[in-house]
Amino acid sequence: MRTIDVFDTTLRDGEQSAGVNLNTIEKVEVARQLERLGVDIIEAGFPAASKGDFEAVKLIGDTVKDSSVTGLARANEKDIDAVWEALRGTAEPRIHVFLATSPIHMTYKLKMTPEEVVESAVRAVQYAKKFFPKVQWSAEDACRSDEAFLVQIITKVIEAGANVINLPDTVGYITPKEYGNLFKYVKEQVPNIDRVKLSAHCHDDLGMATANSLAAIEGGADQIEGTINGIGERAGNASLEEIAVALHIREDFYQASTRLKLHEIKKTSTLVSKLTGMKVPANKAVVGDNAFAHESGIHQDGVLKEKTTYEIITPELIGVNQNRLVLGKHSGRHAFKNKALELGFELTDEKLKEAFVVFKDLADKKKEIFDEDIFSILTNKQTELSDVAAYELESLQVQYGMNNIPTATIEMKMPDGELVHVASTGSGSVEAIYNTIEKILPNPSKLSDYKIHSVGGGRDALAEVYVRITYGGTEGSGRGTAQDVLEASARAYINAVNRISMIESRTKAKVSL
Ligand code: KIV
Ligand code: ZN
């Protein structure tokens, strides 16, 4: 039985998903949940890309203790120095250096000859090795590279001190059979390969990322890379939860497992989905809402007679608690604190106090409180932007009638503490609210996406709104939760403005890969 290392890149490749922009507090929250999930290595970001990325990698490195934390660098000293500055205080500083090796990338992107690429990769690994005990080197676009060239450069990079060699399928092009064979070939042909671990990194452009990762394991990969919910550039990365559960369910075939605590999967998936605003499709393998739903009569009949007729994965395996009633309006602060801990939230006393007030308020209005309600309250409280002066919704009133013009009146606390009172109309209630907020804000804003869903079931369920806006020329997203859909809509918009203002103040000229 082999144990496969899990390298999570939700906060780096995943955060490169179109429209995703997590703030530092949210990144730390995700990293702590990845640690609870039992991920071996967390790629926390790309420190040279921006001040915000640097700060997040540093804070995650300082916070996370049970997973190893790494940062990405191009093959140059400046990028490597940035990762070192961010991670020098961690127990086992680790770096991930990459350079493209395919003819397409070398010719058109790098404008370098293969010899120059070898020299540059070797120099970068030697330089990184002066600081880092663990150096991972990636041959970007490995799957469209010449195999003999890969053998040559990998041999040299191992001589230079690399500990892990990653063969990414950067554009999601390869097939499972080819990818498995590539690992076998590299293992056979590279003379010093026994000094390193081999890693697989797949993208899902042709829907083959999970199958390719599993094929890599069959071919000899010791580490798999991916993201939670498969988020990432274009069609995304390989879904770590799918690979880990496939290894578990088909252990008989793969003879390999990971160290992931599978019962933490659902919670991790929900957190990532909430914070990124990327909803998990209902039919997504392992974590989709319908993954355990049996709809047809024949299937239902079979499952009632014997679960295993149609169910190969149990909900409990990934930590799905079917709508467990948890707390009520008589629950005290102690019970609430215990529930928060059980859900993985270690709140400061101040945050706990605030969250408890929100919970009590909700418990007065909502008959039954479930795990997912508490989770929603806690994610909002934990990741609130407490470190920047922000706009705060003080009150909201909306007048709507089928034959009237919808009108919203808002009282907003400005970042300098001033209270502003404004009213405006719109063709619908939400538009009236957003027109009013726009009147209050100093910079122009534009809504590009609006999504609403209920947290759990029932008529009295919480409403959760996700918006994507451009504010003062910068794009960003925001979330708002409330029992009323209009209040949730207002909160989401204001949250987006606050997040953009914070990211703006911290990010200078983000470099994209
Ligand atoms: O897909 C890719 O090639 C990458 C590299 C930076 C490893 O993400
Ligand atoms: Zn990638």
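Just so you know, ligand 1 is whichever comes first in the structure, and atom 1 is the first atom listed for that ligand. Values in this document were obtained by computation on a predicted structure and should not be read as measured data.
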Check each heavy atom of [X] against ligand 1 and say whether those closer than 4.0 Å belong to the side chain, the backbone, both or neither.
X    : result
H203 : side chain
T170 : both
R12  : side chain

>> Quick check on contacts: which atoms of ligand 1 are under 4.0 angstrom from a heavy atom of D13?
In response: 8 (O)
> According to the salt bridge (charged side-chain N to carboxylate O under 4.0 Å, His left out) rule, which pairs have a member within residues 265-281, sequence neighbours left out?
Replying inline: E264-K267, K266-D289, K274-E464
> Just going by heavy-atom distances, which of Q16, E140, H201, E233 is nearest to atom 4 (C) of ligand 1?
Replying inline: H201
> Applying the side-chain contact (heavy atoms from CB on, under 4.5 Å) test to T155, which of L150, V190, V186 qualifies?
Replying inline: V190
>> Which residue is it: L11, V64, L34? I am looking for the one with a side-chain contact (heavy atoms from CB on, under 4.5 Å) to V69.
In response: V64
> Got a sec, which residues hit ring pair (Phe, Tyr, Trp, His ring centres under 6.0 Å) with Y179, two or more places apart in sequence or on another chain?
Replying inline: F183
> Does any pair with a residue in residues 34-47 pass side-chain hydrogen bond (donor to acceptor under 3.5 Å, both in side chains), and if so which ones, sequence neighbours excluded?
Replying inline: T9-E43, R12-E43, Q33-R36, D40-R259, E43-H96
> Is any N or O atom of D141, backbone or side chain, closer than 3.5 Å to an N or O atom of ligand 1?
Replying inline: no
>> Please verify the inter-ring angle class for Y127 with F131; under 30° counts as parallel, over 60° as perpendicular, anything in between as tilted.
In response: perpendicular
>> I'd like to know whether E26 forms a salt bridge (Lys or Arg N to Asp or Glu O under 4.0 Å) with R479, so could you lay out the CA-CA distance, the side-chain angles of the two residues, the decisive distance to 0.1 Å, and finally the verdict.
In response: CA-CA 12 Å; E26 290 165 336; R479 291 178 329 259; 3.5 Å; yes
> Can E225 be said to touch ligand 1, with heavy atoms closer than 4.0 Å?
Replying inline: no
> Are H96 and ligand 1 in contact, using a heavy-atom cut-off of under 4.0 Å?
Replying inline: yes
> Is there a donor-acceptor pair under 3.5 Å between the side chain of S145 and the backbone N or O of D141?
Replying inline: yes
>> Using a strict cut-off of 2.8 Å, how many protein N/O/S atoms surround the Zn ion (ligand 2)?
In response: 3
